[in-house]
There are 2 protein chains.
Amino acid sequence: MMTSPQPSSEELTARQQAVLDAVLALMVEEGGDVTMTAVARRASCSKESLYKWFGDRDGLLTATVRWQASKVRAGNYDRQKLDASALRDSLIRFAANWLSVISSPTSIALNRFAIGEAGTRGSNLGAIMLANGRFAIGERVKPLLDAGRDAGLIAFDDTETAFRSFIGLVGRDVQIRLLLGDALALGAAEIERDAARAADQFFTLYGTGAAPGRNKTNA
Amino acid sequence: MMTSPQPSSEELTARQQAVLDAVLALMVEEGGDVTMTAVARRASCSKESLYKWFGDRDGLLTATVRWQASKVRAGNYDRQKLDASALRDSLIRFAANWLSVISSPTSIALNRFAIGEAGTRGSNLGAIMLANGRFAIGERVKPLLDAGRDAGLIAFDDTETAFRSFIGLVGRDVQIRLLLGDALALGAAEIERDAARAADQFFTLYGTGAAPGRNKTNA
DNA sequence: AAAATGCCGTACCGTACGTTACGGTTCTCT
DNA sequence: AGAGAACCGTAACGTACGGTACGGCATTTT
């Protein structure tokens, strides 16, 4: 993991992208058997090419994490006319999208890898996952929260604190349970329901009178 | 990992406990270099003894997880006279204890290990962590919530759902950030403050008129 | 006291895997 | 068409590590 060529995620040939997709597929299905030989066989390429393109195993894994991160860019949810209903809808969509991401097999496998490497060396995989996961969604939600506050729909002192409460209401214990192997089935219906519940609870905590969800949702 | 002797956590000699503490120390400080040779050197014992006592490497790791789990048993918080203040105090103590546990270096290292193994084989480390962490605390908090409901202090339909909201408000994104290597300093003061905030937010969501924390705490 | 048991330290074995090397084939450029 | 690069498939090498065997020392048992 010293000085690898490390192509910067933008300058990846289709062949190399196919290799990284093969790595993702291996991570998801087998669970841990991401050996260089297995990758080469799965991607139908030679190990020599793997080392030429990605330097070493760490470079390949890092490139895989970056590659997946570059694929999960989502919309920005900024809207001009922000009334209570629109704010609630945006929060629900954010929550549903977030739940979908963290419960996807790819995300689970990738986070497992990053967490496993986070303990060993000065690996930056964990930082990459955080930057493209938790922090990226924060930077996209917080402007929405600020807009809601400016519109008088919600009230809080610190945007970061409010957002962390929101993400707590959305995620709860889902991610850690999935990472530890709990068979937590999260279908589309549950995701929509949980997202709406989280948004309504958020309004109960931070909403002003003008916002929806003032009634407690003791579901 | 087949049929290991697997001493049942209670019948551990002091020598064996010292070995497991050595494993924990290695997990925490080195991060991943928990090799049988390293454990033997650290604990000043022979590898032969490791295999005699714990069967194989999986048995050693499983015993370590159980050993750590047996050390974090906490009080049961059941009290007879349950008024609003006592319920709030108990919830705060639960939250603070939970935050202390999940932010401790030992818990972080152990969860990293369990998560790393959860992907590879049919490892039960993740299940053990869940049983002794997330689920154990749930079984201890839910009676308290039920008692609070019986006393008319809080209201909800499903205890499990209410508890999951509580744990979401308490933990938020702390655990995943720590697991991914984020330098999230969580001192005693922050833990107490976050625990109180989570408890008050929980009362805002689920409290009846008789409970404290009815005012929104937009901190 | 002699035998036996338990355990430490170390050497050893087999395998898995990261990494390198190389022959043969396909694609590219002129 | 021919030269050269890129690349596939596979073989080979070195190391790390899980697991086993054995000699020597200490403590216990008879």
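Throughout, a chain's letter reflects where its sequence line sits, starting with A, and its residues are numbered from 1.
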Quick one: Tyr51(A) OH to dC8(D) P, roughly how many Å, whole number?
15 Å
Here's a test for you: under side chain to side chain contact (heavy atoms under 4.5 Å, CB included), which of Ile191(B), Val174(B), Val170(B) qualifies with Trp98(B)?
Val170(B)
Could you give the CD-to-P distance, from Glu117(B) to dG18(D), as a whole number of Å?
11 Å
Are Ser165(B) and Gln201(A) close enough that a side-chain donor and a side-chain acceptor fall under 3.5 Å?
yes
Atom CE of Met36(A) to atom C1' of dT15(D): distance rounded to whole Å?
16 Å
I want to check one thing: is the phosphate of dG18(C), taken as OP1 and OP2, less than 4.0 Å away from some side-chain N or O of Thr35(A)?
yes
According to salt bridge (charged side-chain N to carboxylate O under 4.0 Å, His left out), does anything in residues 168-183 of chain A pair up with another residue at least two apart or in another chain? List the pairs.
Arg172(A)-Asp194(A), Asp173(A)-Arg177(A), Asp173(A)-Arg134(B), Asp173(A)-Arg164(B), Arg177(A)-Asp182(A)
Counting primed atoms plus P, OP1 and OP2 as sugar-phosphate and everything else as base, spell out the protein contacts along nucleotides 3-15 of chain C at 4.0 Å heavy-atom distance: B, S or - for each nucleotide, 5' to 3'.
----SBB-B----
In whole angstrom, give the distance that lies between atom CG of Leu50(A) and atom P of dT20(C).
12 Å
Counterpart residues, side chain to side chain contact (heavy atoms under 4.5 Å, CB included), relative to Arg193(B) (two or more places apart):
Glu190(B)
Is any NZ, NE, NH1 or NH2 atom of the basic residue among Arg149(B) and Asp146(B) found under 4.0 Å from an Asp or Glu carboxylate oxygen of the other?
yes
Distance only, no hydrogens: is a donor on one side chain within 3.5 Å (strictly under) of an acceptor on the other, for Asn111(B) and Ser107(B)?
yes
